[in-house]
Protein chains: 2
Amino acid sequence: MNLKQLSDRLGLSQTTVSRALNGYPEVSEATRERVLKAAQQTGYKPNKAAQRLATGKAKSIGLVMQSAPEIGGDPHFSEFLSGLAEEAVKHDFHFVMAPASPDDEVNAIKRLIASGYVDAIFLAHVVDPDPRVDLLRSSSIPYLLHGRIMGDVHDYPYLDVDNEGAFYTAAKLLLQLGHKRFALMNGMERFTFAMRRKIGLEKALAEAGLTLPSDLVHHSVMSDQAGFRAMERFLARPERPTAVLCASTALALGAVRAINKAGLKLGTDISLIAHDDVLSTLRPENFSVPLTTTRSSLKAAGARIGQRLIETLEGSSDLPDQELWEAELIVRASTGPAPA
Amino acid sequence: MNLKQLSDRLGLSQTTVSRALNGYPEVSEATRERVLKAAQQTGYKPNKAAQRLATGKAKSIGLVMQSAPEIGGDPHFSEFLSGLAEEAVKHDFHFVMAPASPDDEVNAIKRLIASGYVDAIFLAHVVDPDPRVDLLRSSSIPYLLHGRIMGDVHDYPYLDVDNEGAFYTAAKLLLQLGHKRFALMNGMERFTFAMRRKIGLEKALAEAGLTLPSDLVHHSVMSDQAGFRAMERFLARPERPTAVLCASTALALGAVRAINKAGLKLGTDISLIAHDDVLSTLRPENFSVPLTTTRSSLKAAGARIGQRLIETLEGSSDLPDQELWEAELIVRASTGPAPA
DNA sequence: CTTGTTCTTCAAAGCGCTTTGAATAATTCT
DNA sequence: AGAATTATTCAAAGCGCTTTGAAGAACAAG
């Protein structure tokens, strides 16, 4: 059933039917009702491709999804997506996900823009320098970043968590507790969120006259296995660290397992603070020793980004173009005074 | 840059340019090269909405994503998606994800079909009865299920894991080890994969003259917290179970924590077998006591589904319409003889 | 009973692409 | 050389929708 068939059936022109359906005023209430009813009965749904072609709008948000054989599902990604979806469903938006190998992302974005399939682009996993950001900056499609590039010039719309501040504050707490030997279990080095977390930690250490030895810095994907292995390596050091900052609760999960396995007591022998993205399947308060965390909900970020993108597209946005969310430091049992 | 502009620029007709770009034979090699080069230089990318409108094809797979405030990211979902994406990227396919509240999924699928945005539909989380399956059955769009409805009539294309067989085999092993008191930690009751796992377990028990008391059956989302709580409840029973079947390693993670907390020894005091979807972030072999599992890779399933769907659309499919994958039973240290 | 307004409705153009059917140019065959 | 093929290229129609510009119907005003 298409518009022509529907209008033939009603003995009306496509114009009138289209207008009736889209709520334009120049159509009598009587016909509007008749049209609406017929559409209902026949189950008529407009063809989005045609709509998109005619209007240039499609109520859709595009995103590129990194794909490679060695990349598995990322719980952080799906948590974020669920937030985005929650907002999208309210406004009848959908997503177009273009999978791309990591070295082909720029092209994937280009295709996405040119495809005429999406009204806006969302971008995450910001690196620095980030050619994808340059591309979006110079194109005319609305877009929004989750994260920022490095430096202080932010002439692009973003939503980011104050990662530097989060880890700075976390480190401060551990310093106050008397810790001197720190380790960092971070996300992939190329991501700016990881860079900023490291900077935050180093800044706090520098203020205390301390430094972070490079072999006590670990970069990897944020999974429990990676955390387990990294912690084992940390603990194998002659002078093992007493304070560990961890970029995700997923990493922390593995780290804690390694700590237990080594017969050490979390919160006593070793203190740990993890960044908590509020993954719905991994809550820090449910760890055997509840985790002290810096918290910022990834799902909430997703929802907010959806909201901002959609409002921009509907032309009603009075939301800020740049947002920096502070993470909350929530103290639980995994932090304690440095062992004597 | 659109086709008209590109062809004007080249002094050719749109027809010729289009044909050159799409590899049709009726265009001279010289012009083809000229066109290809110009397309390259100008960065011309065809408008997919227009392409879709003209051809009825769009190289895109549609899927509905459940969305509700209380639903968070599901690592199983993203693991699956990464498999699907891996296959899609090879063939330049993309996804259209329509978020929908759980009670509006049928409508979301209808919209997706009518939208003209997708060439095929993928469906997961099969329930029974499943109105979505009925809808797809009666529509003419290609589709593929991950999972099956109940009963033996499967006149629709699917890929499923033999969940019944997996849990049957797992239970058999535990029975051989002398276990008599079983518990089941399952996914949501409404999903057919959960139903079948329960049936598999009950069948094995029945053959041994045993039954599964209803208070030793737990249904919930498959997260570690849920596993933790469920196991605590199991252990609080006067006669606690000695053998537990667990629908996911995520559940097992929590379950193991509860077991440790209770001072019990996994593999000795209590045996546990989990179904392993091969989540890239949670490997059973990395548990402090490596987990005995029934294994079937969710990512591989995603890739296979992508492959089948794409081959169907490209009209070259000689792949089977129905597939039932057996899960492997991999014995590790979390299973042992029943305590005396 | 005109004329001027407002309300409804419509025909047709256009969005960017593919594809059919026809025309033109280049080759090959008598 | 002229006819018959074959290789290239093109104009135009069509995919399903929105939107502009115009026309017809209904009504109030002069």
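The structure displayed is predicted, hence computed values, not measured ones. Chain identifiers are assigned alphabetically (A, B, ...) following the order of the sequence lines, protein sequences preceding nucleic acid strands; residue numbering begins at 1 within each chain.
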Nucleotide [N], atom [atom2] - distance to [atom1] of [X] in whole Å:
X	N	atom1	atom2	result
A:Lys48	D:dC15	NZ	C1'	18 Å
A:Leu12	C:dT9	CG	C1'	8 Å
B:Gln5	C:dC15	CD	P	10 Å
B:Glu26	C:dA23	CD	P	18 Å

**A:Thr16 side-chain N/O to A:Leu12 backbone N/O, donor-acceptor pair under 3.5 Å** = no
**Whether A:Asn107 side chain and A:Asp104 backbone form a donor-acceptor pair below 3.5 Å** = no
**Request:** Name all residues meeting the salt bridge (Lys or Arg N to Asp or Glu O under 4.0 Å) criterion together with B:Asp74; count only those two or more places apart in sequence or in a different chain, and write none if there are none.
**Result:** none
**Qualifying residues under salt bridge (Lys or Arg N to Asp or Glu O under 4.0 Å), relative to B:Arg19, sequence neighbours excluded** = none
Centroid-centroid under 6.0 Å between [X] and [Y] rings:
X	Y	answer
A:His154	A:Tyr158	yes
A:Phe95	B:Phe95	no
B:Phe77	A:Phe77	no

**Message:** Between B:Arg148 and B:Asp128 (salt bridge meaning N to carboxylate O under 4.0 Å), is one present in this structure?
**Reply:** no
**Request:** Classify every nucleotide of nucleotides 17-23 of chain D by which part a protein heavy atom approaches to under 4.0 Å, writing B for the base, S for the sugar-phosphate alone and - for neither, in 5'-to-3' order.
**Result:** BBBBB--
**Request:** For B:His125, check ring-ring contact (aromatic ring centres under 6.0 Å, His included) against everything at least two apart and list the hits.
**Result:** B:Phe191
**Asked** If we fit an axis to the first five pairs and another to the last five of the helix from C:dC1-D:dG30 to C:dT30-D:dA1, what angle do they make, to the nearest 10°?
**Response** 60°
**Asked** Of all of residues 27-36 of chain A, which get a heavy atom below 4.0 angstrom from DNA chain C, listed by number?
**Response** A:Val27, A:Ser28, A:Thr31
**Message:** Are the side chains of A:Arg111 and B:Asp92 in contact, using a 4.5 Å heavy-atom criterion?
**Reply:** yes
